[in-house]
Amino acid sequence: MASPLSDLKDWRFEIDYEDIAWAIFDREGETMNTLGRRATEELERIVSHMENAARNKEARGLVIISGKQNNFIAGADIKEFEQWTEVSEVAEAITQVTDLLSRIEKMRVPVVAAIHGFCLGGGLELAMACHYRIADREEGTRLGLPEVKLGIFPGLHGTVRSIALAGPVNAMTMMLTGRMLRPNVAKAQGIVDELVPTHHKLRWAARKAVQQKRKSKGASRIQNLMRLWPIRGYLAGQMRKQTARKAREDHYPSPYKLIEIFERFGGDLKRMALAETRAFAPLMVSDQSRNLRRVFAVSEKMKALAPKNMPKLRRAHVIGAGTMGADIAAWCVISGMEVSLQDLSEDQIGKAQAQAKKLFRKRLKKKQAVDAAMARLIPDPDGRHVHRADVIIEAIVEKLDIKQKLFKSLEENVKPGAILATNTSSLPIEDIAKPLDDPSRLIGLHFFNPVPQLPLVEVVRAPNTEQEYVDKGCAFVTAINKFPLTTKSTPGFLVNRVLAPYMMDAMERFEQGTERELIDEAAREFGMPMGPLELADQVGLDVCMHVAEILGISGGAAKGSKLVELVEAGNLGKKTGKGFYVWAPDGKPQKENYAYDKAQLEQLGHDLVKPLVEECQKCLDEKVVDDADLVDGGVIFGTGFAPFRGGPLHYAKSLEEGGDAKKKKEAAAA
Ligand code: NAI
């Protein structure tokens with residue numbers, strides 16, 4: 001009998017000889033399954049059909065599974081979020097989907113979600129509406145509710161379903177951090193009911209679960225007790241404290257709103273579900289969420305700079321095991337590569353290995369994984385492994401002649417097609433490449449310090465660089481899970497160039513009498529991760545001066561300025577214990593506790609970032625970076641520029657538009 005649902009585009013539906021129905025999500029024309037409007041409408045048809053089939057005893061259960069290679073459902077289709085501008089539109093759209101998920105939950109026959117790959121956001125919300133969840137233990141399988149990263153929280157009753165399954169502590173932690181869970185953790189917490197070793201076993205296990213009418217147990221009694229007052233109030237207080245360490249409520253309201261809903265209604269999940277819907281819609285249309293969604297879209301655009309189907313890069317060779325080289329090598333190892341590490345000093349390589357081990361322990365946790373990573377980091381003082389490497393990264397002293405000599409000596413040893421890259425922060429790529437037989441193959445791969453924390457790498461091209469190598473550079477950067485940004489080889493590239501005038505301007509304000517604490521607090525009020533003077537101390541004041549000189553910035557770096565005075569006295573910031581601040585042994589700057597007026601902080605914050613924003617516009621005009629979105633992405637991921645403002649150029653544009661709207665309003669009123 002032909003399936004009555006044979007016209008579906010994003011799903012396939014079939015009922016097998018054992019009367020088990022299979023809904024296979026395989027969104028047309030996409031490699032990633034996302035729950036867009038059409039997919040949801042088709043799911044509604046599947047659910048209606050199943051309700052009938054269950055009533056007529058034509059199907060004994062339903063399995064929801066993905067037809068994609070590496071994902072179950074990666075979430076809602078966030079492109080579609082942009083069509084909504086009104087709270088009422090969001091509320092209406094969301095209610096349709098929550099109703100659909102409730103129908104799945106109420107289905108008379110067992111509904112099982114069989115999960116392989118990413119199961120995130122709306123995808124996990126759908127899975128949680130099923131009666132039973134089976135996941136495989138494969139490396140790429142991850143479950144999570146990362147909505148807070150987009151300025152919202154789960155809006156398809158995922159807040160209450162996750163609490164019902166995993167208890168308030170596990171569920172709220174998952175939602176408030178947006179962290180993805182490995183399958184074994186998801187199972188231990190109760191989000192998943194059963195694990196199978198590989199995706200090949202999923203169908204068999206799902207079939208059995210339907211036949212045996214398996215149902216999730218739900219949260220334990222003790223976990224449920226935690227929803228009672230006053231424990232709930234205590235938990236909410238703790239959650240608020242932990243959230244405040246990471247994000248301010250005025251910048252990122254969504255986690256605070258979620259805590260509030262839990263605190264008020266967590267004792268009655270039905271009321272909490274209603275409160276979730278009421279609070280969700282205003283967040284969705286807020287500027288913060290819109291801007292965070294923009295940042296997500298920009299990050300996707302950056303990843304797309306890497307052409308698809310590039311050959312896999314397996315081996316890296318890093319030269320220079322100092323501050324940068326050590327971290328670059330360790331990071332490549334964490335990303336799965338085999339890395340040989342070269343330095344003039346064997347001692348330095350030993351230190352780099354010890355430092356890498358610390359990072360591996362922190363990130364990889366299990367001894368087996370740490371040992372395997374250590375085995376992939378190969379000390380190579382004489383550079384014997386260069387000829388095997390797919391990518392060679394130089395991170396030695398910032399001296400043109402020494403770098404030139406090194407690259408000349410490397411050229412005949414490197415494999416054809418291998419990426420040859422320098423991590424220089426200030427030397428023109430074309431100058432370093434000059435002595436090479438083929439200068440067109442050298443690119444810049446400019447990492448930021450500290451490498452494990454900053455997700456950007458500038459891929460720098462000189463006027464004669466071959467595009468093939470720029471493409472390969474971008475592919476390498478995405479392969480190590482960072483965001484690439486292609487820039488022209490001009491002084492400071494993008495990030496240092498836009499940071500320098502911002503920091504110099506702050507230094508000038510300090511010289512002219514503004515308190516350093518006021519300056520730094522105003523920048524934080526704006527949304528920067530730290531203030532410009534604290535940042536200068538962290539970077540090193542000698543480095544700041546050097547960058548200012550390269551960029552030809554006078555003012556802050558001029559003779560007699562505070563910066564020059566500090567550098568000449570050997571006070572270079574955090575590394576010497578003194579700079580603009582005195583640094584305590586615990587690595588924190590000693591600050592006076594002043595209370596500032598919020599309006600004053602806000603105004604100064606906006607004034608402080610002006611030089612940075614103006615420099616971004618110049619970089620765009622001079623095509624240092626070709627595209628305004630990419631400028632925004634580069635500055636957000638390279639400096640931490642307030643993500644909820646959507647990037648410096650976007651922020652400037654919204655100020656203008658806000659100004660225009662205000663003027664129009666005033667004119668209309670007049
Ligand atoms: P560093 O001084 O900490 O380390 C340099 C290492 O290179 C030392 O271990 C030294 O023994 C080794 N070395 C010097 N000449 C060598 C040669 N001919 N062959 C093999 N090894 C040699 O320097 P750092 O800070 O790691 O900087 C390295 C490069 O990265 C520079 O070009 C710098 O401009 C750039 N950079 C630095 C950043 C930072 O924050 N430190 C940020 C971004 C780029």
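In each ligand, atom 1 is the first atom listed, and ligand 1 is the first ligand listed.
Atom 2 (O) of ligand 1 has Val397 CG1, 4.8 Å as its closest protein atom, hydrogens excluded (heavy atom only). In this structure, the protein non-hydrogen atom closest to atom 22 (C) of ligand 1 is Ile396 CG2, 3.4 Å. Of the protein's non-hydrogen atoms, the one nearest atom 12 (C) of ligand 1 is Asp343 OD2, 3.2 Å. In this structure, atom 4 (O) of ligand 1 lies nearest to the protein heavy atom Gly322 CA, 3.2 Å. The protein heavy atom nearest to atom 27 (O) of ligand 1 is Met324 CG, 4.0 Å.
Contacts of Val543 with ligand 1, taken as heavy-atom pairs under 4.0 Å, are absent altogether. Under 4.0 Å from ligand 1, the heavy atoms of Gln348 that appear belong solely to its side chain. With a 4.0 Å heavy-atom cut-off, ligand 1 is reached by no atom of Phe448. Residue contacts with ligand 1, taken as heavy atom pairs separated by less than 4.0 Å, do not involve Lys405 at all.
Counted by atom type alone, Tyr596 and Glu525 present zero donor-acceptor pairs between their side chains at under 3.5 Å. For the residue pair His446 / Asn423, no side-chain donor-acceptor distance below 3.5 Å is found, with atom types taken as modelled. There is no side-chain donor-acceptor pair under 3.5 Å between Thr487 and Glu458.
Closest heavy-atom approach to atom 21 (N) of ligand 1 among the candidates Leu344, Leu427, Ile393, Leu445: Leu344. Which of Asn449, Thr323, Val318 comes nearest to atom 3 (O) of ligand 1 through a heavy atom is settled by distance: it is Thr323. With Ser425, Ala395, Pro381 as candidates, the residue nearest to atom 34 (O) of ligand 1 on a non-hydrogen basis is Ser425.
Atoms of ligand 1 lying under 4.0 Å from at least one heavy atom of Gly320, given by number and element, are 7 (O). Taking every heavy atom of Thr424 and a limit of under 4.0 angstrom, the matching atoms of ligand 1 come to 32 (O). Each of the following atoms of ligand 1 lies closer than 4.0 Å to a heavy atom of Glu398: 31 (C), 32 (O), 33 (C), 34 (O). Which parts of ligand 1 touch Lys403 is read off a 4.0 Å heavy-atom cut-off, strictly below it: atoms 31 (C), 32 (O). For ligand 1, the atoms closer than 4.0 angstrom to any heavy atom of Asn423 are 30 (O), 35 (C), 36 (N), 44 (C). Close approach of ligand 1 to Ile319 is summarised as follows: ligand atoms under 4.0 Å from at least one heavy atom of the residue are 20 (C).
One finds no salt bridge joining Arg314 and Asp390 here, because no Lys/Arg side-chain nitrogen approaches an Asp/Glu carboxylate oxygen to under 4.0 Å. With respect to Asp632 and Arg294, a salt bridge is recorded, a charged nitrogen being found less than 4.0 Å from a carboxylate O. Using a cutoff of 4.0 Å between basic side-chain nitrogens and carboxylate oxygens, Asp371 and Lys367 are scored as salt-bridged. A salt bridge does not link Glu622 to Lys618: none of the charged nitrogens lies less than 4.0 Å from a carboxylate oxygen. The pair Glu466-Arg461 does not count as a salt bridge, with every side-chain nitrogen at least 4.0 angstrom from each carboxylate oxygen.
Distance check for atom 32 (O) of ligand 1: a protein heavy atom is found below 4.0 Å.
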What side-chain donor-acceptor pairs closer than 3.5 Å can you find for residues 527-537, not counting sequence neighbours?
from, atom 1, to, atom 2, distance (Å)
Glu534, OE1, Lys591, NZ, 2.8
Asp537, OD1, Phe580, N, 2.9
Asp537, OD2, Phe580, N, 3.1
Asp537, OD2, Tyr581, N, 2.9
Asp537, OD2, Trp583, NE1, 2.9

Can you list, pair by pair, the side-chain donor-acceptor contacts under 3.5 Å of residues 303-312, counting residues two or more places apart and other chains?
from, atom 1, to, atom 2, distance (Å)
Lys303, NZ, Glu300, OE2, 3.1

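Between Phe476 and Tyr469, the distance from one ring center to the other does not fall under 6.0 angstrom. Two rings, from His606 and Tyr651, have their centers less than 6.0 Å apart.
The shortest N or O to N or O distance between His446 and ligand 1 is not under 3.5 Å. Checked against a 3.5 angstrom limit, the closest N/O atoms of Leu406 and ligand 1 fall outside it.
Between Tyr252 and Phe644, the ring planes are perpendicular. Angles over 60° get that label, and only those under 30° would be called parallel.
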